[in-house]
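All figures in this text were calculated on a predicted structure; none of them were measured in a lab. Just so you know, ligand 1 is whichever comes first in the structure, and atom 1 is the first atom listed for that ligand.
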Amino acid sequence: MKTNLLDFDPRQLAAWFAGQGEKPFRARQVLRWIHKAGEADFDAMSDLAASLRGKLKETACVLAPGVMREELSEDGTRKWLLDAGAGNAVETVFIPEAERGTLCVSSQAGCALDCAFCSTGKQGFNRNLSVAEIIGQLWWANRELGREADGLWPVSNVVLMGMGEPLLNFDNTVSALHLMLDDNAYGLSRRRVTVSTSGIVPAMDRLREECPVALAVSLHAPDDALRDALVPVNRKYPLRDLMAACRRYLERAPREFITFEYVMLEGVNDSARQARELARLVRDVPCKFNLIPFNPFPQSPYRRSGSDAVQRFRDVLRGADIVATTRRTRGGDIAAACGQLAGQVRDKTGRAHRLQEIRA
Ligand code: SAH
Ligand code: SF4
């Protein structure tokens, strides 16, 4: 079987080339061709010796996950359903804005953490994505969208907020992050790459050591009892531990604040009293709040908070000197909004009927 070079971060690619008896600068050249130029065809890598091109063609490939479907929202948001093999699919979403283009990347097929309000969680865990499948989303999106007029790739920011819990697929996520940051690959600054986590405390500490990018933490509740119900992993890593981990993370973070995500669920976590509790909870953690209107999906028991409730909640936080914004929902018409990603084509019992439905 050929070696997929998309599976290697810069260090691993250098090691692979060394193993082939090639000089390190060859690895750097190939890295640039693949990720900076978006090239998959070794024949097009014109500054490589013909003998090396021939060798690469025999032993290696550049293979991103296949695209099963593409959808375009009326607001310009784009969603791709990617084939993750064995009846699994994952989704990637591109959100164009005036000043930036953000790609929302998946890290796992499904998710084991089963948050009460999340469509990905409802489908259970299928498997971790490989490095090629994670970085392949960025590689593919840039190529598909095409360079901007100024020659730059359209994706300027990446958020690991698609399907899955990135910190439970730690090694592959960090390899993909290294590619995003490397000047010979995507060259994104640490501030433009955000990992979103439900609060896997030991992995937050590891990320701080190995690759401190911007961090978003999905909070959703001001107290342990409610968070245990909404985000079950809270039973393992309760709020006190999570807040301490956030403070530790900030010592190395590229931004001087943690972004707390908070899905607004009517009558569940959106009262003024809860906002006051929340302000107390985070008083020692420099942070910003992103209030996310709940995005419904079939069979979800929750309702989106009304705009009055959201505004009142936001005002309480602001009154406590906390920056709080409400996230504008994008791509709702193509089920590409936060928490709606459910690229599954096979249910947990292993039947592939949904695959047929999608392909039909
Ligand atoms: N597993 C990680 C990252 C993926 S989820 C995490 O939980 O942080 C990305 C964000 O979408 C999280 O903040 C999550 O809480 C939010 N989300 C999940 N379901 C949602 C829904 N139905 N409506 C709005 N946001 C949702
Ligand atoms: Fe997993 Fe995040 Fe969804 Fe929770 S919100 S189930 S952690 S993807």
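A donor atom on one side chain and an acceptor atom on the other are found under 3.5 Å apart for Gln29 and Arg26. At a cut-off of 3.5 Å, with distance as the only test, a side-chain donor of Glu165 or Ser198 sits close to an acceptor on the other residue. Side-chain atoms of His35 and Tyr186 include a donor-acceptor pair closer than 3.5 Å.
Using a 4.0 Å cut-off between charged nitrogen and carboxylate oxygen, Glu58 and Lys2 do not count as a salt-bridge pair. A salt bridge is defined here as a Lys NZ or Arg NE, NH1 or NH2 lying under 4.0 Å from an Asp or Glu carboxylate O, and Lys236 with Asp241 fails to meet this definition. A salt bridge links Asp114 with Lys122: the distance from a Lys NZ or Arg NE/NH1/NH2 to an Asp or Glu carboxylate oxygen falls below 4.0 Å.
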Test Glu97 against Arg100 for salt bridge (charged side-chain N to carboxylate O under 4.0 Å, His left out), laying out the working first. CA-CA 5 Å; Glu97 290 173 284; Arg100 60 182 167 213; 3.1 Å; yes

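Only the backbone of Asp114 comes within 4.0 Å of ligand 2, judged by heavy-atom distances. With a heavy-atom cut-off of 4.0 Å, Leu113 does not touch ligand 1 at all. Of the heavy atoms in His220, only side-chain atoms (C-beta onward) come closer than 4.0 Å to ligand 1. If you look at Asn295 next to ligand 1, the close heavy atoms, those under 4.0 Å, come from the backbone and the side chain alike. With a 4.0 Å cut-off on non-hydrogen atoms, Pro296 does not touch ligand 1 at all. Both the backbone and the side chain of Glu165 come within 4.0 Å of ligand 1, judged by heavy-atom distances.
Atom numbering of ligand 2 starts at 1 in the shown order; those under 4.0 Å from a heavy atom of Gly121 are 6 (S). Numbered from 1 in the order shown, with element, the atoms of ligand 2 that lie under 4.0 Å from a heavy atom of Ser198 read 7 (S).
The aromatic ring centroids of His220 and Phe260 lie 6.0 Å or more from each other.
Judged by distance alone, the side chain of Ser106 and the main-chain N or O of Met163 form a donor-acceptor pair under 3.5 Å. At distances below 3.5 Å, at least one donor-acceptor pair connects side-chain atoms of Arg304 with backbone N or O atoms of Phe294.
Residue contacts with ligand 1: Phe294 is placed with no nitrogen or oxygen under 3.5 Å of a nitrogen or oxygen of the ligand (distance criterion only).
Nearest protein heavy-atom neighbour of atom 4 (Fe) of ligand 2: Cys115 SG, 2.3 Å.
The option from Ser218, Ser196, Gly162, Ser198 that lies nearest to atom 4 (C) of ligand 1, judged by heavy atoms, is Gly162.
In this structure, Ala216 does not count as a contact residue of ligand 1, since none of its heavy atoms falls inside 4.0 Å of the ligand. Taking a 4.0 Å cut-off on heavy atoms, Ser218 fails to register as neighbouring ligand 2. In this structure, Gly164 is part of the shell of residues with a heavy atom less than 4.0 angstrom from ligand 1.
Within the coordination shell of atom 1 (Fe) of ligand 2, defined by N, O or S atoms under 2.8 Å, Cys111 is present.
Using a 4.0 Å threshold on non-hydrogen atoms, atom 2 (Fe) of ligand 2 does not count as touching the protein.
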